[in-house]
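Below you will find the structure I want to go over with you.
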Amino acid sequence: MKNFFAELINDRFMIAAVLLFGLGFMNLLLQKNLIKKIIGFNVMDSSIFLFLASQGYINGRIAPIITNGVFDAEVYINPIPSGLVLTGIVVSVSVTAFFLALTVRLYGIYKTVDFDEIMLLINKEAE
Amino acid sequence: MNVIYELILIVFLFVCAIGAFLSERLLIAVVIFMSYSLVMSVIWALLQSPDLAITEAAVGAGVSGILFFITLKRIHALKGTKDE
Amino acid sequence: MLPYYYNIPAISILLCMISGISIPLLSSGRRAYRLTLFVSAVVTLLSALLMYKVIPLNEYFTYMMGHFPAPWGNELSAGPLEAMMGFIFGLVMFLSLLGGSMTLFHDILPGKQKFYFTMMNMLMAALLAMTYTNDLFTGYVFIEISTIAACAIVVARDTPKTIGSTIRYLAISLLGSGLFLIGVVLLYCITGHLLMPNIQTQVLRLVSTGLYTVPLTVVAGLLFAGIAIKSALFPFGAWLPMAHGGATTASSAVLSGLVLKGYIVMLIKIFYRVFTIDVIRDLNVTNIMFACGLAGMIYGSIEAFREEHIKRMLAHSSMAQIGYIFMGIGLDVNLGVAAAFLQIMVHAFVKPLLFLCAGRLSEVYDHEKSSYRLRGSAHKDPIAGIGFTIGAMSMVGIPLLGGFAAKFYLVTSAMMNPSKLWPALITLMISAVMNALYYMPEVIAIWTRCELCTPNPVDPNPGFDYISAPVLSAGVLFLGLNGYSMIQVIQRGLALL
Amino acid sequence: MNKETNFFKRLNDWVNGEADRLFPELQETDTPKAPEPVATIGPLPNKDVLFLTSYQAVALIVVIGMVSILLYTVYKLPLFGVADNPAVNEVVERYVEKGLEETGAVNVVAGMILDYRAFDTLGESSVLLLAITSVMMLLLKDEKNTDPDEELIEAHEAVIEDHNRDMILQTMTIILMPAIMLYGIYVILNGHLSPGGGFSGGAILGAGLILFASGFGHNRVKKFFNMNTFRALTTTALLGYGILKTYSFLLGANHLPTGIPLGIPGAIFSSGLIFVLDICVGLIVACTMYGFFSVFSRGEI
């Protein structure tokens, strides 16, 4: 039992990331308000990045910027996750902007940001 | 000791995430979301990824927050605009 | 020195990207259109050259993007299958743009046509990169590019309805990319690589030692679920009809014919090159694919049968066809995957043909897209009528046409797996009957003369009449007549993956 | 409950510096422009209510199932922070030990994203282009996208804003703007030496421009940054990026030297292409971020 808790605390970032992923995913899926849907998407993406970044971390090592001519791989953390997350953040902000633009246009047409209402109105128009 | 700070930050993340989803007013949701990004950037600094911390602070907490604000203005979810 | 044709994949991708980037510098939408046509024609020719070089030698090669080889830098990899897909992507993109050009310039505001073509070029680059990539994370980046570009070409028409359907499309696609990304991340955590061949070595080592079996299963499931959402497999496909049915004709043709296929080709590549297909079968992912595929075939057919709006009917039928593809992969025999690949190719020709012809036919009655209003339209525009008839017949499965060949090989491969034979056969039968039930009335309706209707004069579109419709129909016929040799080539290509 | 909301409301008003009279306007949907959308829909048909509830229940179950599977997976994964996890392998070793020699970048992350895995980064910059293009496609003013009432209100607001510029904002902008710009440029130019690089530096520059625009109005920004500059800058930077990288990809794959000197490690003009690429990326990101702001708030750049 003690071991289990030790591991729980040790894996804190990964567990937090998974729970936040679930939270974000649920809000992207279920939230009616488009703005909150977008916040849900952002939380989901950043939780994945947190997971990835925590995979790169190694206890007692420093950021991968070569200092004082030390080239030993034992001194620095894993640089790959940082690079991937950097790519991911930019993708995520781009998608956010697109999503928000769609929201603004839909509000201009239907005067609401409630997704279910918008869908009902669209279906009503089609009939 | 570090572990305790990190746990506090993680709890803060959860509070921010849940708060953003539960808050009634969109403006508050967005502000809480921005603080979520800020905490995330602190966590990344603790995880020895300064590149990510700078980028998240500039992009996540800065520019996307501004985009959210303008969107809120466009959808009339901010009160007290100047035409009143 | 490398053989010169090794450079073709990289050149085609970079050409599309650079032309997409430089379109804002052009002065008008027409010029952007010509540049896009030119680029897709060049890509088609280059891919044809690659096919000509690679297929006879049955060669598979990897290509460094930069100065660093496999575990360190990005890589592309190509072989017969990738070359064939590149050829089809280029050709069908060219033909769809050519055939849908009239409605395109009618539907999209002049100020925004340039943006539309930027999107088309980027979409092309993303499709090619998803096909050729040898690196999972590059795959993710280009999946995101294709998501944004695909949503943008739907919304380019700018009616309230397309904006609504786009936001739904975007939200669901983002769920898919989120799942795919977390799959890639978990896979990186347990293998430490992002390049496909290196992951494969590690995965095989993990499987043989029995380490990390649970994460491996979860990863396979997540990657599959992510791609299934994006390619509109049954339980996840609710967004497709509205998005594909509402877009302008060229967009619908490209989305239904190519974009859905791009994701599936990438999934097949991941299954073969990352996990190896035997591991995937051991992890039981193929059984889920089989079940979802069957359900999708039935559901898509029923929905298409109930639909009146002709473009949405075609979109529902796409869902059923995606079901065929996943069923083929799920059959657990190598011939099944080859048959699924043949189905991908056939559908890449048939669906754009049907969409383009339906678009032309509905112009006869002033853009009315209800099936009943199309009565007699084929007499006003015989080429579109013939094209639609050929497409519909291929869908129903008339011999000599592509659809028949694909269905024939699906049945043959189902015969090879007794445990899945009966469900597959019965569903194929039902789906074929349903296909006939909703396509044939449509064909009869367009050829029945209508005395009371007042058709509009149709502007001739030489691009469609003399190039798009004939070439797409010829493609369908070619695949139908050469089914056997195509299957041989595909099987050899699959063995190389 | 009621008491609590009251407290929060009072807190809000205190934060916003507004009096009680704004109490009834707290619900966002009750803005004067919203014509009560619920009324146009009417009560939902029973079928739809049933569908929505069952959809939500299924989605909830799926999410909970997925999270528990993922938690179990995390339990099976290598531990956090240990040095012998599978991700630390020969790739990391080479990036760290040979990175400086092969790419010339002191910051290993910059060397990795702009040299070893530059194709990803090219894709990522294109995502930015796609995003700004699609936002422009949706929000640039045109005949389908204008509402006469909105136009009037916006014109009115613009006049008010032009005459009543916020004193505090302007003074702070004058003080902060040079520092922000300088810091952004520093972060971009030092991308290969210190944390940061094109993306973060570009975002800082973009944020500086946004601050200037909100302090002094779009018209002041337009004098030096309009649609033509925007188009020229983004296209040139991205084209430069694409062409330089195409050159290096093609030569690299064919095992030819590019002939670009790497310079002295640690010097500002070093690390070959990475320095140039960082500037290109920084320009793209800065323009895109300002472009988002401008198109969102005004429908033009």
Side-chain angles (χ1 to χ4, degrees), chain B residues 2-3 6-7 10 14 17-19 21-32 34-35 37-38 40-84, chain D residues 5 8-9 12 15-18 22 25-34 81 107-110 113 135 139 150 152-154 156-161 164 184 187 191 194-207 210-211 214 285 288-290 292-299:
Chain B
N2 245 346
V3 176
E6 287 171 5
L7 284 177
I10 288 173
F14 276 103
I18 295 171
F21 295 130
L22 291 186
S23 71
E24 293 264 312
R25 289 188 62 193
L26 293 178
L27 176 63
I28 293 178
V30 171
V31 172
I32 295 176
M34 283 173 79
S35 62
S37 288
L38 211 60
M40 197 58 117
S41 108
V42 174
I43 286 184
W44 276 331
L46 282 180
L47 285 174
Q48 294 290 339
S49 316
D51 295 86
L52 298 185
I54 294 179
T55 313
E56 174 76 15
V59 172
V63 177
S64 47
I66 295 171
L67 291 185
F68 272 109
F69 282 146
I70 309 168
T71 311
L72 291 187
K73 182 163 177 264
R74 290 287 296 266
I75 65 174
H76 303 281
L78 292 180
K79 59 176 178 173
T81 38
K82 289 195 178 159
D83 59 324
E84 280 171 21
Chain D
T5 44
F8 278 119
K9 278 177 186 173
N12 272 328
V15 170
N16 292 334
E18 283 160 358
L22 279 164
E25 291 167 41
L26 279 179
Q27 286 86 20
E28 297 90 32
T29 45
D30 285 352
T31 46
K33 298 227 47 91
N107 182 358
V108 178
V109 177
I113 62 170
V135 168
L139 294 182
E150 292 277 315
L152 261 170
I153 294 176
E154 268 169 30
H156 187 54
E157 267 181 28
V159 173
I160 296 179
E161 269 180 26
N164 306 311
V187 170
S194 62
F199 292 107
S200 23
I204 295 170
L205 280 187
I210 293 175
L211 178 65
S214 38
V285 177
T288 319
M289 294 300 161
Y290 178 71
F292 281 146
F293 170 75
S294 184
V295 175
F296 264 90
S297 56
R298 306 268 294 204

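Every chain is numbered from 1, with letters handed out A, B, ... down the list of sequences.
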Task: Pairwise distance CD(B:Glu56) to OG(D:Ser200) - rounded to 0.5 angstrom - done: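 If we round to the nearest 0.5 Å, B:Glu56:CD and D:Ser200:OG are 11.5 Å apart.
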Task: Choice from D:Gly201, D:Ala203, D:Gly191 maximising heavy atom contacts with chain B below 4.5 Å - done: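 Heavy-atom pair counts peak at D:Ala203.
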- [ ] Return the option, out of D:Gly81, D:Pro195, D:Gly206, with the maximum number of heavy-atom pairs under 4.5 Å with chain B.
- [x]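 The residue among D:Gly81, D:Pro195, D:Gly206 with the greatest pair count is D:Pro195.
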Open item on the list: Restricting to ring-ring contact (aromatic ring centres under 6.0 Å, His included), what partner residues turn up for B:Phe68, sequence neighbours left out?
Closed with: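 Result, ring-ring contact (aromatic ring centres under 6.0 Å, His included) vs B:Phe68: B:Phe33.
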Task: Exercise: identify the closest heavy-atom pair between B:Leu67 and D:Phe293 - done: CD2-N, 4.2 Å
Task: Contact class of D:Val159 relative to chain B, heavy atoms under 4.5 angstrom - done: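 Neither part.
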Task: With D:Leu152 via side-chain contact (heavy atoms from CB on, under 4.5 Å) - residues at least two apart - done: none
Task: B:Asp51 and its side chain to side chain contact (heavy atoms under 4.5 Å, CB included) partner, picked from D:Val108, D:Asn107, D:Ile113 - done: D:Asn107
Open item on the list: For a 4.5 angstrom cut-off between non-hydrogen side-chain atoms, does B:Val59 reach D:Phe199?
Closed with: no
Task: Options B:Leu52, B:Ile54, B:Thr71, B:Leu72, ranked by heavy-atom pairs under 4.5 Å with chain D, top entry - done: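 Looking at each option in turn, the highest pair count goes to B:Ile54.
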Task: B:Ile66 side, atom CD1; D:Phe292 side, atom CZ - distance, nearest 0.5 Å - done: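 Answer for the CD1-CZ pair, B:Ile66 versus D:Phe292, is 12.5 Å.
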Task: B:Arg74 to D:Val295 - nearest heavy-atom pair and separation - done: NH1-O, 4.2 Å
- [ ] Starting at CD1 of D:Ile210, measure out to CD1 of B:Ile70 and round the result to the nearest 0.5 Å.
- [x]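 Going from CD1 on D:Ile210 over to CD1 on B:Ile70, the span is 6.5 Å.
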